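So the structure is just underneath, and the comments pick up after that.
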Amino acid sequence: MHLRGVILPEGEVRDIWVRDGSITFDPVPGAETLCRQGWIVPGLVDAHCHVGIRHGGGHEDRAGAVAQAESERAAGALLLRDAGSPIDTRFIDDHDELPRIIRAGRHIARPKRYIRELGIELDDERDLPEIVAEQARLGDGWVKIVGDWIDRSAGDLTPLWSDAILKEAIDAAHANGARVTAHVFGEDALPGLIGAGIDCLEHGTGLTDDAIEMMVAHGTALVPTLINIDTFPEIADKAGKFPVYAAHMRDLHRRVRGTVAAAHEAGVPLFAGTDAGGSIRHGRIADEIAALTGAGLSAHDALGAASWDARAWLGRPGIEDGAPADFVVYQQDPRIHPDTLTAPYAVVLRGRVYRTHDPVTGHR
Ligand SMILES: [Zn+2]
């Protein structure tokens, strides 16, 4: 297969070929041309989703997990960072037609301090380092802990763990070759998590200027999951028994675009994640890219946060000689025409072409 187009992020027109599932810059004799002009973008990344959590809640079965992965592929998301799943999705690795998944194992929480039946719940926080080490060995280089959640006795978000145990647990993950990330909504859990050397924060709606400064000093990344944060007002509506918590959630939501803009401006690495599974459907990476643009990222940076920058962060190549042929082709520049992100001309995964709309008429 042969393609000619503008390669991002470089922005140069060039010819590429695909042979045996890999990209090559050497002409392949007799190759069929897929496009003569277009924008060719390294496979998109949904850096926070949950293949295996059913829309509306609960565990997904295998067929449902496959359908979720297919929705991501149709949206051009060919690399998924699974931020905690209650089911074993290892079988997806045997499906060449499905996106690649980087797993974080199961969420690690405490009793009554996360969504029921999704995570491992520790009665004693002193078990955290051992469980983190175990999940580090089972996953694909990431461990997911729940950093804060509503404490019903306090009526508001509070941290799940002491600072000392976080430090021990994160050190244990690093010793096992894994990075650690945490679900965190509020302000109070942030200094303990960042100070303990956590590698990434999910949501991070409670980031203050001080916490952002700490992130920059520690090189901590942020996946803000903006389209999920937009469900905070609904969460608050259902939390009538906890007025302080409800008001807190509304306030975090009200400020989130400014919070993300401040983190970006300070130099915190930001990546696009939809938080699909549960309340958000899979396949919405274009909406998260648009949301990041709405939070002050340039169109180039927002696309990079869902493509080349996220791939580099996760140790995966872009469009390079010898790299796996995982890329998306658009008919217009997706940075100037973001709507084009919802209708890729072609999605190429492991060198195979998936078309989501009619190439002749341009209609879906
Ligand atoms: Zn999530």
Side-chain angles (χ1 to χ4, degrees), residues 45-60 64-65 68-69 71-72 75 77 79-89 99 101-110 113-121 132 135 139-150 157 160 178-186 189-190 193 198-207 220-232 234-235 249 252-253 256 259-260 270-285 287-289 291-292 305-306 310 313-314:
V45 179
D46 190 338
H48 180 140
C49 64
H50 305 275
V51 171
I53 300 182
R54 181 167 289 178
H55 185 69
H59 297 198
E60 194 53 275
Q68 291 179 332
S71 304
E72 294 284 359
L79 179 61
L80 312 179
R81 177 170 167 268
D82 197 296
S85 181
I87 67 162
D88 181 357
T89 57
I101 305 189
I102 294 173
R103 295 171 188 76
R106 295 188 63 187
H107 297 79
I108 306 172
R110 306 210 58 195
R113 299 298 302 279
Y114 194 56
I115 301 164
R116 277 199 308 147
E117 291 171 11
L118 284 189
I120 299 168
E121 299 180 356
V132 161
Q135 290 298 309
D140 297 324
W142 282 92
V143 175
K144 172 77 176 288
I145 61 179
V146 178
D148 69 0
W149 194 253
I150 185 172
L157 294 164
L160 267 69
R179 291 187 268 183
V180 184
T181 194
H183 163 107
V184 59
F185 284 165
L190 291 166
L193 291 165
I198 199 156
D199 302 279
C200 183
L201 299 174
E202 312 297 315
H203 321 300
T205 39
L207 283 171
T220 322
L222 175 66
V223 180
T225 70
L226 286 169
I227 61 172
N228 190 34
I229 304 309
D230 288 339
T231 68
F232 276 17
E234 286 164 49
I235 296 173
M249 294 294 278
L252 292 170
H253 172 253
V256 68
T259 306
V260 169
L270 288 180
F271 303 106
T274 63
D275 210 356
S279 58
I280 302 289
R281 286 189 189 280
H282 284 267
R284 291 191 54 195
I285 193 64
D287 293 335
E288 184 64 20
I289 294 168
L292 287 170
W313 177 58
L314 295 169

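Nothing here was measured: the structure is a model prediction, and the numbers come from that model. As the structure lists them, so they are numbered: ligands from 1, and atoms in each ligand from 1.
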Checklist entry - Once you round to the nearest 0.5 Å, how far does CD1 of I235 lie from CD1 of I150? => result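 It is 10.5 Å, given to the nearest 0.5 Å.
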Next on the checklist: Side chains of H203 and N228: any donor to acceptor distance under 3.5 Å?
Outcome noted: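 Judged by distance alone, the side chains do not pair up.
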Checklist entry - Do the two ring centres, one from H50 and one from H55, sit under 6.0 Å apart? => result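 Ring centroids of H50 and H55 are no less than 6.0 Å from each other.
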Checklist entry - Which protein N, O or S atoms does the Zn ion (ligand 1) have within a distance shorter than 2.8 Å? => result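 Listed by chain and number: H48 NE2, H50 NE2, D275 OD1.
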Checklist entry - What pairs with Q135 under side-chain hydrogen bond (donor to acceptor under 3.5 Å, both in side chains), at least two apart in sequence or on another chain? => result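 Q135: no side-chain hydrogen bond (donor to acceptor under 3.5 Å, both in side chains) contacts found.
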Item to check | Contacts of S85 that satisfy side-chain hydrogen bond (donor to acceptor under 3.5 Å, both in side chains) - sequence neighbours left out | outcome: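 Counting only residues at least two positions away or on another chain, S85 forms no side-chain hydrogen bond (donor to acceptor under 3.5 Å, both in side chains).
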Item to check | Which residues share a ring-ring contact (aromatic ring centres under 6.0 Å, His included) with F232, sequence neighbours left out | outcome: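 So F232 forms a ring-ring contact (aromatic ring centres under 6.0 Å, His included) with F185.
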